[in-house]
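See below for the structure under consideration.
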There are 2 protein chains.
Amino acid sequence: MSNLLERLRRRGWRMTAQRRVVAEVLDGEHIHLTADEVLARATERLPEISRATVYNTLGELASLGEVIEVSSVGRAKRYDPNAHRAHQHLVCAGCGTVRDVHPEGDPMVGLPDTERFGFTVTGVEITYRGLCPVCGAAAPEEGPESD
Amino acid sequence: MSNLLERLRRRGWRMTAQRRVVAEVLDGEHIHLTADEVLARATERLPEISRATVYNTLGELASLGEVIEVSSVGRAKRYDPNAHRAHQHLVCAGCGTVRDVHPEGDPMVGLPDTERFGFTVTGVEITYRGLCPVCGAAAPEEGPESD
DNA sequence: CTCCATGCAAAAGGTTTGCACTCCC
DNA sequence: GGGAGTGCAAACCTTTTGCATGGAG
């Protein structure tokens with residue numbers, strides 16, 4: 001289950017119409033919206049919602065650990081509600097599509113102690129880059145390159 | 001090896017005073033400057049250099065593959081000249097310090113075929129998060145406060 | 001001599017902030 | 001009813017762009 005709203009309510013998160021709409025818009029799988037996209041979708045359901053509220057809410061959800069800020073795709077941050085299952089991202093260089101993918105083991109073991117420089121390592125973000133089936137077929141050898 | 005300027009010259013890159021200064025400022029290990037920091041350091045040596053030229057030059061170095069754009073630290077992109085040795089980043093959540101770390105094997109094997117959804121995977125970026133020795137000691141169980 | 005690179009400044013995103021007003025708990 | 005949440009708009013930060021000038025090859 002991925003009921004973000006439910007989880008938030010259970011945490012005693014103060015609920016308003018705006019917050020509910022933002023949480024609803026974010027809920028789901030393979031959701032990686034920008035703040036602007038969240039605003040657009042939220043506005044469809046609640047025309048009076050403001051950009052500032054969207055940013056406030058997204059920032060709060062992020063610091064609650066209920067959504068993850070993804071900054072490795074495009075200039076604008078994206079917000080990923082799949083915060084309760086460890087996963088990584090697979091990004092298409094052609095169309096920007098982002099898929100959630102799941103690790104086989106703990107990716108943090110990939111960093112040996114000798115490479116930690118005394119850091120306490122608490123997390124790891126992995127972004128795979130490539131071409132999705134559609135973009136890979138559309139530009140097998142005439143992609144965005146110029147030798 | 002670490003001589004970015006030399007490499008660029010060898011590639012027939014058109015050389016100007018501005019481009020030389022940008023390349024010099026970027027050269028080295030564990031260098032992860034923002035465009036603004038590059039501009040500041042470049043201005044010390046060449047006061048008439050402009051912000052637009054710094055951006056032009058950084059963008060060009062990135063598309064030449066001579067520097068890597070790192071977007072996972074803070075709001076501004078950072079530019080990493082260590083483009084010729086596969087590596088990953090270790091970022092301190094307290095002070096923002098970035099260290100280059102080196103993988104044991106090929107991190108791309110971590111993504112099984114069953115998780116590729118038909119994508120052609122061409123690369124992977126890994127960012128480890130944690131606390132550096134200084135920040136870890138300063139705030140062992142409290143938030144990083146800098147007051 | 002010919003382009004390409006540069007400088008300037010304005011504009012284009014994307015995000016944050018200050019403040020008065022609203023309304024959830 | 002109190003204080004957190006909201007809306008509005010301006011400020012801010014980062015990056016891009018247009019155009020005339022200048023310098024590398």
Side-chain angles (χ1 to χ4, degrees), chain A residues 5 8-26 32-64 66-80 96 144 146, chain B residues 5 8-26 32-64 66-80 96:
Chain A
L5 205 51
L8 290 166
R9 217 187 301 267
R10 220 172 276 141
R11 291 182 68 161
W13 196 54
R14 187 166 192 167
M15 190 55 63
T16 67
Q18 292 84 344
R19 288 173 161 213
R20 179 178 4 263
V21 169
V22 170
E24 285 171 0
V25 156
L26 280 174
H32 309 90
L33 300 173
T34 63
D36 208 60
E37 290 165 345
V38 171
L39 174 61
R41 299 189 184 196
T43 299
E44 291 173 9
R45 306 191 198 177
L46 187 69
E48 67 269 33
I49 194 171
S50 76
R51 182 178 303 276
T53 294
V54 169
Y55 274 104
N56 285 342
T57 305
L58 291 173
E60 196 164 330
L61 291 176
S63 56
L64 285 173
E66 295 290 350
V67 306
I68 296 168
E69 291 186 346
V70 178
S71 51
S72 50
V73 187
R75 52 227 154 219
K77 281 188 228 166
R78 290 175 177 276
Y79 294 85
D80 178 349
S146 48
Chain B
L5 205 51
L8 290 167
R9 217 187 303 266
R10 221 172 275 140
R11 293 182 68 161
W13 196 54
R14 188 167 192 166
M15 190 55 63
T16 67
Q18 291 86 342
R19 289 173 162 214
R20 181 181 358 267
V21 169
V22 169
E24 284 171 1
V25 156
L26 280 175
H32 310 89
L33 301 173
T34 63
D36 207 60
E37 289 165 346
V38 171
L39 174 62
R41 298 189 185 196
T43 300
E44 290 173 9
R45 307 190 196 178
L46 187 69
E48 66 267 35
I49 194 172
S50 76
R51 181 176 302 274
T53 294
V54 169
Y55 274 103
N56 285 342
T57 305
L58 291 173
E60 197 165 329
L61 291 176
S63 55
L64 286 173
E66 294 291 351
V67 306
I68 296 168
E69 292 185 346
V70 178
S71 52
S72 50
V73 188
R75 57 229 154 214
K77 280 188 228 166
R78 291 175 178 277
Y79 294 86
D80 179 349

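Chain identifiers are assigned alphabetically (A, B, ...) following the order of the sequence lines, protein sequences preceding nucleic acid strands; residue numbering begins at 1 within each chain.
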Exercise. Would A:Leu8 and A:Leu64 count as a side-chain contact (heavy atoms from CB on, under 4.5 Å) if you check the C-alpha gap in whole Å, the side-chain angles of each, and the deciding distance to 0.1 Å?
Worked result: CA-CA 9 Å; A:Leu8 290 166; A:Leu64 285 173; 4.2 Å; yes

Problem set entry | Contact boundaries on DNA chain C for chain A, cut-off under 4.0 Å to non-hydrogen atoms | C:dG14 to C:dC25

Problem set entry | Nearest-0.5 Å distance, CZ of residue B:Arg78 to CD1 of residue B:Ile68 | 15.0 Å

For this session: Let me know which of A:Thr57, A:Leu26, A:Thr34 forms a side-chain contact (heavy atoms from CB on, under 4.5 Å) with A:Tyr79.
Result: A:Leu26

Exercise. Tell me: CG of B:Leu8 to P of D:dA24, nearest whole Å?
Worked result: 17 Å

Seminar exercise, completed: Distance col, row B:Arg19:CZ vs B:Asn56:CG, nearest 0.5 angstrom, shows 8.5 Å

For this session: Start with the C-alpha distance between A:Met15 and A:Leu5, add both sets of side-chain angles, then the distance that settles side-chain contact (heavy atoms from CB on, under 4.5 Å), and finish with yes or no.
Result: CA-CA 9 Å; A:Met15 190 55 63; A:Leu5 205 51; 3.8 Å; yes

Problem set entry | Pair B:Thr53-B:Thr16, side-chain contact (heavy atoms from CB on, under 4.5 Å): steps then yes or no | CA-CA 11 Å; B:Thr53 294; B:Thr16 67; over 6 Å; no

Exercise. Tell me the ring pair (Phe, Tyr, Trp, His ring centres under 6.0 Å) pairs involving residues 32-55 of chain A, sequence neighbours left out?
Worked result: A:His32-A:His89

For this session: Identify, residue by residue, the members of residues 71-80 of chain A with a heavy atom below 4.0 Å from DNA chain D, and return them in order of residue number, or none.
Result: none

For this session: Any chance you could list the contact pattern along nucleotides 4-10 of chain D? Use B for base contacts, S for sugar-phosphate-only contacts and - for none, protein heavy atoms under 4.0 Å, 5' to 3'.
Result: SSBBB--

For this session: May I have the distance from B:Leu33 (atom CG) to D:dT14 (atom P), rounded to whole angstrom?
Result: 14 Å

Exercise. Distance only, no hydrogens: is a donor on one side chain within 3.5 Å (strictly under) of an acceptor on the other, for A:Trp13 and A:Glu66?
Worked result: no

Indicate every side-chain donor-acceptor pair of residues 38-45 of chain B with a distance under 3.5 Å to a residue at least two apart or in another chain.
| unit_1 | atom_1 | unit_2 | atom_2 | d |
| --- | --- | --- | --- | --- |
| B:Thr43 | OG1 | B:Leu39 | O | 2.7 |
| B:Arg45 | NH1 | B:Glu24 | OE1 | 3.0 |

For this session: Decide yes or no for A:Asp36 and A:Arg51: does some side-chain heavy atom of the first lie under 4.5 Å from some side-chain heavy atom of the second?
Result: yes

For this session: Run the numbers on B:Val67 and B:Glu69 for side-chain contact (heavy atoms from CB on, under 4.5 Å), then give the verdict.
Result: CA-CA 7 Å; B:Val67 306; B:Glu69 292 185 346; 5.6 Å; no

Problem set entry | Heavy-atom closest contact (B:Ser72 atom, A:Ser71 atom, distance) | CA-OG, 3.7 Å

Exercise. Closer than 4.0 Å, any side-chain N/O of B:Tyr55 to the OP1 or OP2 of D:dT15?
Worked result: yes

Exercise. In degrees, rounded to 10°, what is the bend between the two ends of the helix from C:dC1-D:dG25 to C:dC25-D:dG1, using five pairs at each?
Worked result: 40°

